[in-house]
Amino acid sequence: MSAQQDGEVASPEVHAIGISFGNSNSSIAYTSSEGKAEVIANEEGDRYIPSVLSYVKGEEYHGTQAKSQLVRNNENTVAYFRDYLGKDFDSLDPRPCHASAHAKKHGSTVAFSIQDTESEAHNAVTVSEITTRHIRRLASSASDFMGKKVNAAVISVPTNFTETQREALTQASKEAGVEVLQMISEPTAAVLAYDARSEAEIKDKIIVVADFGGTRSDVAVVASRGGMYSILSTSHDYETAGAQLDQILIDHFAKEFIKKNKTDPRQNPKSLAKLKLEAEATKKSLSLGGNASLNVESIADGVDFASTVNRTRYEMLAAKVFASFTRIIEDAVRKADLDILDIDEVILSGGTSHTPRISQNLQRFFSSKTRILSPSTLPTAIDPSSLAARGAAIQASLISEFDKEDIEQSTHPMVTVTPHLRNAIGIMVVTDDIKKGLFTALVEKETAVPCKRVGIFAAPREGGDVIVKVCEGARDIKITKKEKLKTNGKAASDDSDLDSDNEEEDEEVREKIWKVGTVLAEAAIKGVKKGGKVEVTVHVGADLGVVVTAREVGAKGGVRGTLDKPRVVENGSA
Amino acid sequence: MAAVQVSLPLPVLPQGWSEEKDFKPIGQLSSATQRNIEPVGPHFLAHARRKRHKRTFSEDER
Ligand SMILES: Nc1ncnc2c1ncn2[C@@H]1O[C@H](COP(=O)(O)OP(=O)(O)OP(=O)(O)O)[C@@H](O)[C@H]1O
Ligand SMILES: [Mg+2]
């Protein structure tokens with residue numbers, strides 16, 4: 001921090017939180033003194049606060065209370081507005097706010113015509129102003145909880161939030177008295193939330209972040225390398241999200257009601273609004289139990305409606321929608337030029353990710369080596385609804401002490417745009433049975449440079465002179481058609497558990513293998529003692545020059561050599 | 001990051017392999033892809049600090 005100059009006004013202390021701001025829900029989070037991110041409950045006790053504002057005789061309702069106004073006071077209730085921020089009317093999708101205050105063209109921006117004061121007058125309230133009011137309410141809840149005035153935040157936004165949208169959000173927050181320290185992308189926030197846990201181990205891995213929300217689903221494929229994250233591809237879907245699952249239940253219950261009462265509750269807006277709220281509650285219960293009930297008072301013509309549905313039935317009705325969630329992920333993986341086998345982890349984020357069937361489908365879709373991080377597949381998973389807010393809170397705690405200029409410089413493309421390795425770098429080892437070299441990756445592809453990785457390798461049992469052969473490697477997928485098992489003279493009992501897997505003929509077995517590419521260097525380590533080990537360090541410089549060092553663990557000296565940077569540096573896509 | 005442990009052994013040095021300082025440079029890395037690193041997390045901030053420091057450093061030298 002720079003020293004205070006004479007005459008300079010002391011800036012107030014920064015109290016920063018993390019905010020996740022969704023079309024459906026928002027969350028606020030802070031980082032405790034132990035460095036743990038915690039989600040803050042508002043005055044009503046909600047950690048997932050509906051992004052809804054409603055006005056009754058000049059009084060403002062927020063969150064869950066506002067959402068319940070969608071039944072009786074929908075015209076003065078503003079919901080699903082996040083994606084309208086910083087957009088012009090002609091480019092937006094008006095469907096999400098079909099059953100609440102409608103978005104209208106307002107000059108170059110978007111507004112809602114609502115009675116937000118005591119008078120009968122309809123005022124055009126811009127989406128920016130609505131956002132300001134929403135952020136103000138969130139910040140006020142956070143301030144109450146923290147016991148000090150929250151005046152800054154890191155906010156998570158989708159990867160396809162435009163520059164104009166970011167500016168609009170920054171401005172709207174400022175109006176609410178909240179300075180946006182940084183906007184971070186939602187999938188990165190989710191990865192950070194996991195990596196910030198004390199038990200997390202920083203490893204090189206490819207992560208899919210699947211954020212299944214209320215009105216949209218977003219998937220990102222992320223290369224996580226030494227705790228740094230590069231997004232390799234993204235995919236967005238506005239037709240596959242929580243709303244479509246609500247609709248399945250709405251239709252199911254409506255049909256049941258029609259059978260008995262001959263009226264369609266979906267025809268009447270108020271009945272539909274009630275049914276929608278209750279169907280969503282039923283859907284959430286089905287994430288926990290095998291059965292859930294639905295109760296709607298006075299659904300149509302003054303008739304009450306009560307029913308139940310079991311999970312099996314729901315999963316059957318929603319099977320197609322569930323399959324679409326898997327497809328969005330498949331699409332993103334393909335866009336990243338990767339294979340399903342390349343994915344080490346799938347982080348499920350967003351409210352809809354509580355749905356057990358969605359994660360079970362993914363467990364089946366991916367190889368057994370892929371970890372699916374969701375409540376129903378991993379007991380230690382973090383609540384998917386909270387990931388973005390937690391990640392934002394962690395980032396807030398990391399940068400809240402920085403000067404504004406510091407943050408701006410660090411997030412500038414001069415710093416963030418970096419060469420990433422096109423191929424893996426590895427060392428050749430020998431396998432027990434065949435006398436053929438096997439590539440072992442030390443530095444994975446898509447690692448940003450400069451970088452350094454260390455590997456500790458076994459030597460032949462008797463020790464002696466060994467060779468360290470450094471190569472580039474490319475991952476390949478080997479497909480084997482398993483015909484009737486040919487045992488090649490091996491005892492069949494060795495493969496007994498394979499046998500049972502291979503009863504069907506023509507089964508394809510796909511596996512990841514390495515294709516050895518350019519040989520980069522060789523180094524000799526002489527006189528390794530019996531049972532000794534060799535430590536190899538590969539250090540890639542910012543200019544792609546390489547330094548290799550190798551030495552026997554515990555011994556003095558060792559070998560050190562350098563490789564020139566490549567002659568041509570091509571420009572890939574950023 | 002922690003060192004990778006590999007239990008498969010390194011090959012035996014071929015007979016007659018001899019090189020000055022026991023190191024033989026053979027090739028160079030393939031060209032790289034320019035990508036954006038997400039400006040998030042403690043490891044990125046350390047990277048940014050190094051990179052910004054280095055840049056001003058080399059500009060000073062010029
Ligand atoms: N336990 C649960 N089981 C199933 N679905 C749930 C559960 N909890 C929340 N949801 C659903 O998650 C959706 C909201 O997700 P989330 O809060 O992540 O949305 P968002 O990011 O604010 O919304 P959007 O996608 O509209 O921008 C809603 O459809 C909600 O019904
Ligand atoms: Mg979301």
Side-chain angles (χ1 to χ4, degrees), chain A residues 184-185 188 192 195 202 226-231 395 398 409-411 415-423 428-431 437-438 440 442 448 453-460 464-468 472 518-524 534 544 546 559 561 563-564 566 568-572 574, chain B:
Chain A
I184 66 175
S185 73
T188 317
L192 184 59
D195 272 356
I202 300 302
M228 288 199 279
Y229 318 120
S230 308
I231 294 182
Q395 183 68 5
L398 292 173
Q409 280 191 14
S410 297
T411 56
V415 171
T416 60
V417 177
T418 308
H420 286 58
L421 294 182
R422 216 178 265 274
N423 291 306
M428 300 306 292
V429 295
V430 284
T431 54
L438 186 71
T440 308
L442 203 52
R453 295 290 184 276
V454 184
I456 296 179
F457 293 83
D465 299 348
V466 297
I467 183 163
V468 176
E472 279 195 326
T518 315
V519 180
L520 298 172
E522 288 174 353
V534 175
L544 298 176
V546 181
V559 178
L563 300 173
D564 290 341
V568 268
V569 178
E570 281 171 43
N571 270 338
Chain B
M1 257 183 44
V4 181
Q5 302 279 341
V6 183
S7 53
L8 292 174
L10 295 167
V12 173
L13 188 70
Q15 288 271 317
W17 191 99
S18 152
E19 204 62 39
E20 202 182 319
K21 293 189 174 150
D22 287 345
F23 184 84
K24 182 178 176 191
I26 300 169
Q28 284 130 17
L29 282 185
S30 305
S31 62
T33 322
Q34 291 288 351
R35 283 189 195 282
N36 201 44
I37 316 179
E38 293 286 288
V40 165
H43 298 273
F44 168 78
L45 291 173
H47 161 89
R49 219 173 296 132
R50 281 193 301 269
K51 192 157 174 173
R52 284 170 54 196
H53 177 73
K54 191 175 163 232
R55 194 154 55 86
T56 45
F57 192 72
S58 53
E59 276 164 2
D60 286 349
E61 278 180 339
R62 233 173 265 152

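Letters A, B, ... are given to chains in the order of the sequence lines, protein chains preceding strands, and every chain is numbered from 1.
Between chain B and the options A/Ala448, A/Pro460, A/Ala459, A/Ala521, the largest number of non-hydrogen pairs under 4.5 Å is found for A/Ala521. Between chain A and the options B/Ser7, B/Ala46, B/Pro11, B/Pro25, heavy-atom pairs under 4.5 Å are most frequent for B/Pro11. Taking A/Ser185, A/Ser230, A/Ser410, A/Ala523 one by one and counting their heavy-atom pairs under 4.5 Å with chain B, the maximum is reached by A/Ser410. Contacts with chain B were tallied for A/Gly561, A/Gly464, A/Gly226; A/Gly561 has the most, counting heavy-atom pairs under 4.5 Å. By number of non-hydrogen pairs under 4.5 angstrom with chain B, the leading residue of A/Leu438, A/Thr518, A/Leu421, A/Val519 is A/Val519.
Contact of the B/Pro9 side chain with the A/Val534 side chain is not registered, since no non-hydrogen atoms from C-beta on lie closer than 4.5 Å. Side-chain contact check for B/Ile37 versus A/His420: some heavy-atom pair is nearer than 4.5 Å. Using a 4.5 Å heavy-atom threshold, the side chains of A/Val417 and B/Asn36 count as touching. Put simply, the side chain of B/Arg52 reaches to within 4.5 Å of the side chain of A/Val415, judged on heavy atoms.
If you measure heavy-atom distances from B/Gln5 to chain A, the contacts under 4.5 Å come from both the backbone and the side chain. For B/Leu29, the parts lying near chain A are the backbone and the side chain together; criterion is any non-hydrogen pair under 4.5 Å. The contact between A/Leu192 and chain B is made entirely by side chain atoms (from C-beta outward), counting heavy-atom distances below 4.5 Å.
Considering all non-hydrogen atoms of both residues, A/Leu563 and B/Gly27 come closest at CD2-O, 3.6 Å. Nearest heavy-atom pair across A/Arg453 and B/Met1 is NE-CE, 3.4 Å.
Between the side chain of A/Glu472 and the main chain of B/Ser30, a donor-acceptor pair closer than 3.5 Å is present. Under a 3.5 Å cut-off, the side chain of A/Glu522 and the backbone N or O of B/Phe23 do not form any donor-acceptor pair.
Separating the OG1 atom in A/Thr411 from the CZ atom in B/Phe44 is a distance of 7.0 Å, to the nearest 0.5 Å. Taken from CD in B/Gln15 to CG in A/Asp465, the straight-line distance is 9.5 Å, to the nearest 0.5 Å. Atom OG of B/Ser31 is separated from atom CG of A/Asn423 by 9.0 Å, given to the nearest 0.5 angstrom. For the atom pair A/Met428 CE and B/Leu8 CG, the distance stands at 11.0 Å (nearest 0.5 Å). Once rounded to the nearest 0.5 Å, the distance linking OG1 of A/Thr418 with CZ of B/Arg35 reads 11.5 Å. The distance from the CD1 atom of A/Ile467 to the NZ atom of B/Lys24 is 8.0 Å, given to the nearest 0.5 Å.
Scored by the salt bridge (Lys or Arg N to Asp or Glu O under 4.0 Å) test, B/Asp22 finds A/Lys526 as partners (sequence neighbours excluded).
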